Amino acid sequence: MSERKERKKLLEVKNIKVEFGSKKKKFTAIDGVSFDIYEGETFGLVGESGSGKTTIGRAIIRINEVTDGEILYDGERISGNITQEMDHKVIENIQMIFQDPMASLNERAKVDYIISEGIYNLHKHKDEEDRKRMVEQALLDVGLLPEFASRFPHEFSGGQRQRIGIARALVMEPKLIIADEPISALDVSIRAQVLNLLSELQKKKGFTYLFIAHDLSIVRFISDRVAVIHKGKIVELAETEKLYEHPLHPYTRALLSAIPQPDPAIERQKTIEVYDPACHHYETDRPQWVEIEEGHYVLANQEEQETYKEMLRQT
Ligand SMILES: Nc1ncnc2c1ncn2[C@@H]1O[C@H](COP(=O)(O)OP(=O)(O)O)[C@@H](O)[C@H]1O
Ligand SMILES: [Mg+2]
């Protein structure tokens with residue numbers, strides 16, 4: 001867990017909007033999302049498929065354009081028009097690990113090239129020998145043999161391929177790693193290994209993680225703080241234990257109640273809470289992103305804020 005005091009904001013996402021489609025038919029995928037990520041922490045972003053998690057990750061690394069709001073890295077704006085120097089700073093400091101290791105590696109390239117691509121682009125190497133050393137080190141760091149550099153992706157299992165994806169990110173010596181559902185495409189038996197690798201790397205290299213997942217069960221054990229996203233809006237954000245012990249927003253509660261309980265007797269009696277936005281009267285009393293208690297944010301209108309405050313008083 002990171003210290004409460006003197007925490008440095010490594011990333012600041014301020015009220016961003018991301019839209020897809022043409023002028024005529026616009027679809028707002030991300031709508032007024034704000035959060036900060038502190039240096040050294042693991043920040044979990046959770047929401048169901050299609051809620052906008054990947055879009056946020058891609059907006060941070062500048063693949064998706066932000067049409068409103070801004071993103072700061074280390075205090076400097078990295079969204080919108082920036083200098084080439086700044087662009088390089090983003091590539092070097094922020095790397096992304098993708099969900100599907102079967103689709104995210106170039107099949108026709110050798111592992112050596114796949115891992116080196118970022119090095120080549122930014123001319124990070126002094127000479128060929130230096131580049132080879134960096135690739136070898138990255139492979140060793142993810143628990144693979146340096147000899148694997150001369151092989152092709154199809155020669156590897158899903159878990160090994162995800163390690164190659166991690167090595168490709170590591171070689172840039174980033175500070176912030178966006179791990180986009182890095183284990184959901186893997187066999188259950190190897191998920192823990194990849195999670196452990198990510199957590200060991202964090203200890204060894206001091207990485208900051210934005211860890212994206214579609215359910216709350218994994219994030220609980222690795223995140224310092226968690227944000228819950230629903231249909232392009234973050235509905236709640238808090239320190240992990242706070243969120244699990246005192247969830248306020250109905251969507252957070254619905255997600256929590258969907259986690260299977262190890263005890264079958266409890267599991268059978270459980271009723272799944274269903275979040276129905278239609279129940280809320282938002283036309284006259286608009287929901288706002290508010291800090292309801294220290295470090296605990298929720299999207300709520302006036303009436304809901306009163307309810308939540310009362311809920312917190314009773315705990
Ligand atoms: N390039 C794109 N063009 C159009 N729509 C997109 C694009 N990328 C994502 N979307 C849409 O934006 C929404 C959020 O997608 P995404 O961020 O991939 O969700 P998640 O990662 O949470 O599953 C979805 O409705 C998706 O269809
Ligand atoms: Mg996604």
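Order of listing sets the numbers, starting from 1, for every ligand and every atom in it. Values in this document were obtained by computation on a predicted structure and should not be read as measured data.
- Looking at K242, M311, K309 one by one, the single match for side chain to side chain contact (heavy atoms under 4.5 Å, CB included) with L248 turns out to be M311.
- Within a 6.0 Å radius of CD in E65, other residues, nucleotides and ligands contribute 12 heavy atoms or fewer.
- Relative ring orientation between F207 and Y209 is described as tilted, the plane-to-plane angle lying within the 30° to 60° band.
- A side-chain N or O of Q137 and one of D141 form a donor-acceptor pair less than 3.5 Å apart.
- Closer than 2.8 Å to the Mg ion (ligand 2) sit the protein N, O or S atoms T54 OG1.
- Using cut-offs of 30° and 60° on the angle between ring planes, the pair Y120 and H125 is perpendicular.
- Residue-level contacts of ligand 1 at the 4.0 Å heavy-atom threshold are F20, F27, A29, E48, S49, G50, S51, G52, K53, T54, T55.
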Expected list for residues 13-23: side-chain donor-acceptor pairs under 3.5 angstrom, two or more places apart:
{"from": "E19", "atom 1": "OE1", "to": "T67", "atom 2": "OG1", "distance (Å)": "3.0"}
{"from": "S22", "atom 1": "OG", "to": "K25", "atom 2": "N", "distance (Å)": "3.4"}

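- Between L72 and R77, the closest heavy-atom pair is CD2-CA, 3.5 Å.
- If you run side chain to side chain donor-acceptor pair (under 3.5 Å) between H296 and each of E239, R225, E236, only E236 comes through.
- Checked against ring-ring contact (aromatic ring centres under 6.0 Å, His included), F43 has the following partners two or more places apart in sequence or in another chain: F35.
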